[in-house]
Asker: 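First the structure, which I've put down as structure tokens, then a few questions once you've had a look.
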Amino acid sequence: MNTKYSDVFTLVLALMESYKIDIIYDKIGETGINTFFIPYLKIASGELENIGSDIDLSNRDDTVQEFKEHLSDGKQLIIAKHILIGYLSKETFNIMQMQLHLQDGDFKTYAEKNNLDGKLNALYMLKEEVGYDIKKVGYNNFEW
């Protein structure tokens, strides 16, 4: 049985809370969420390929929105974390948010700086965690 994109996207939603994504879900439903996350899935696929992971996402069908194989829960979780890394990276490098530092008073700047620092810390911790997960998967599949 093939794994659907929505199975992985559900894990992403379980790992995070975002009012922006909640609004998309309320207005458009699961189709909107799938459309929103597909570019991040491609980012995750590229990242996994670049680090030499044995998780190959090139064998997928974007039309029916499913992978052409069954992915274990562990692999789905690693993919979900890489999607979240892509999303948090975008949030961290949001140019409009950086402009708020220049336009608003001290309190707003302080609050935005703390928000950005929090996102950066979450991003760094998630990258470390997913790197560790990928190493574990590689060791588990290694023939000793």
Side-chain angles (χ1 to χ4, degrees), residues 1-104 108-109 111-144:
M1 183 167 97
N2 297 340
T3 303
K4 297 178 188 267
Y5 288 2
S6 58
D7 294 341
V8 174
F9 299 156
T10 300
L11 289 175
V12 176
L13 295 173
L15 292 170
M16 64 181 273
E17 181 71 34
S18 171
Y19 298 109
K20 295 176 190 176
I21 295 174
D22 289 346
I23 291 170
I24 291 171
Y25 184 77
D26 290 342
K27 289 185 177 180
I28 306 171
E30 187 176 318
T31 306
I33 296 296
N34 289 355
T35 302
F36 178 81
F37 279 127
I38 284 178
Y40 297 107
L41 175 63
K42 291 181 180 182
I43 291 169
S45 177
E47 289 291 334
L48 288 166
E49 181 182 329
N50 288 342
I51 62 174
S53 169
D54 67 340
I55 302 173
D56 182 16
L57 298 182
S58 62
N59 194 16
R60 65 181 190 269
D61 188 344
D62 289 342
T63 308
V64 293
Q65 297 187 346
E66 66 182 24
F67 303 98
K68 294 184 179 179
E69 64 178 294
H70 175 72
L71 298 172
S72 68
D73 289 343
K75 288 183 179 181
Q76 288 181 41
L77 181 59
I78 288 172
I79 296 164
K81 286 179 180 179
H82 270 282
I83 289 171
L84 187 54
I85 286 170
Y87 177 75
L88 286 175
S89 295
K90 177 186 174 250
E91 287 291 302
T92 302
F93 295 109
N94 184 341
I95 301 302
M96 289 299 293
Q97 185 176 23
M98 290 179 188
Q99 288 177 349
L100 288 175
H101 294 295
L102 303 174
Q103 296 173 356
D104 294 337
K108 182 73 173 174
T109 300
E112 288 296 325
K113 181 194 176 306
N114 283 343
N115 186 10
L116 187 58
D117 287 345
K119 287 178 183 177
L120 281 171
N121 288 335
L123 180 60
Y124 295 146
M125 288 183 351
L126 187 61
K127 283 184 177 181
E128 286 181 22
E129 182 180 326
V130 78
Y132 176 74
D133 289 346
I134 287 185
K135 286 178 187 170
K136 282 192 331 192
V137 167
Y139 288 142
N140 289 340
N141 292 332
F142 186 72
E143 299 278 334
W144 294 96

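Computed from a prediction, not measured in an experiment: that's the story for all the values here. Position 1 is the first residue of the sequence, and the numbers go up from there. These numbers come from the heavy atoms of this one structure, side chains and all, not from hydrogens, waters or symmetry mates.
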Asker: Tell me whether the count of non-hydrogen atoms from other residues, nucleotides or ligands lying under 6.0 Å of OH in Y25 goes above 12.
Answerer: no
Asker: Identify the heavy atoms of Q65 and D62 that sit nearest to each other, and give their distance.
Answerer: CG-O, 3.3 Å
Asker: Hey, could you give me the CG/CG distance between N2 and D61, rounded to the nearest 0.5 Å?
Answerer: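 Between atom CG of N2 and atom CG of D61 there are 9.0 Å.
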Asker: If you measure from CD1 on I33 to OG1 on T10, what distance do you get to the nearest 0.5 Å?
Answerer: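 With rounding to 0.5 Å, CD1 (I33) is 9.5 Å from OG1 (T10).
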Asker: Could you grab the distance from atom CE of M16 to atom CD1 of I21, nearest 0.5 Å is fine?
Answerer: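 Separation between the atoms: 3.5 Å.
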Asker: At their closest point, which heavy atom of K42 faces which heavy atom of R60, and how far apart are they?
Answerer: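 Nearest heavy atoms, K42 then R60: CG-NH2, 3.3 Å.
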Asker: Going by the ring pair (Phe, Tyr, Trp, His ring centres under 6.0 Å) test, name the single residue among Y40, F67, F37 that passes it with Y5.
Answerer: F67
Asker: Do D7 and Q76 have side chains that get closer than 4.5 Å, going by heavy atoms?
Answerer: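 Yes. Closest side-chain heavy atoms under 4.5 Å.
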Asker: What's the spacing between D73 CG and T3 OG1 if we round to 0.5 Å?
Answerer: 9.0 Å
Asker: Take atom CD in E69; do more than 12 heavy atoms of anything else shown fall under 6.0 Å from it?
Answerer: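 Counting other residues, nucleotides and ligands, CD of E69 exceeds 12 neighbours.
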Asker: Checking S45 side chain against L41 main chain: does a donor-acceptor pair fall under 3.5 Å?
Answerer: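 No.
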Asker: For a quick test of reading the model, state the closest non-hydrogen atom pair linking K4 to E66 and the distance between them.
Answerer: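 Smallest heavy-atom distance, with atoms named: CA-CB, 3.9 Å.
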Asker: Measure across S18 and Y87 and return the closest heavy-atom pair with its distance rounded to 0.1 Å.
Answerer: OG-OH, 3.0 Å
Asker: Roughly how far, to the nearest 0.5 Å, is NE2 of H82 from CG of L48?
Answerer: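 It comes to 4.0 Å.
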Asker: Shortest non-hydrogen contact from A44 to I79?
Answerer: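 Answer, listing the atom of A44 first, then I79: CB-O, 4.2 Å.
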Asker: For a side chain to side chain contact (heavy atoms under 4.5 Å, CB included) with V8, tell me which candidate from I78, I83, L57, L77 qualifies.
Answerer: I83
Asker: Would you say the side chain of E49 lies within less than 4.5 Å of the side chain of S58, judging by non-hydrogen atoms?
Answerer: no
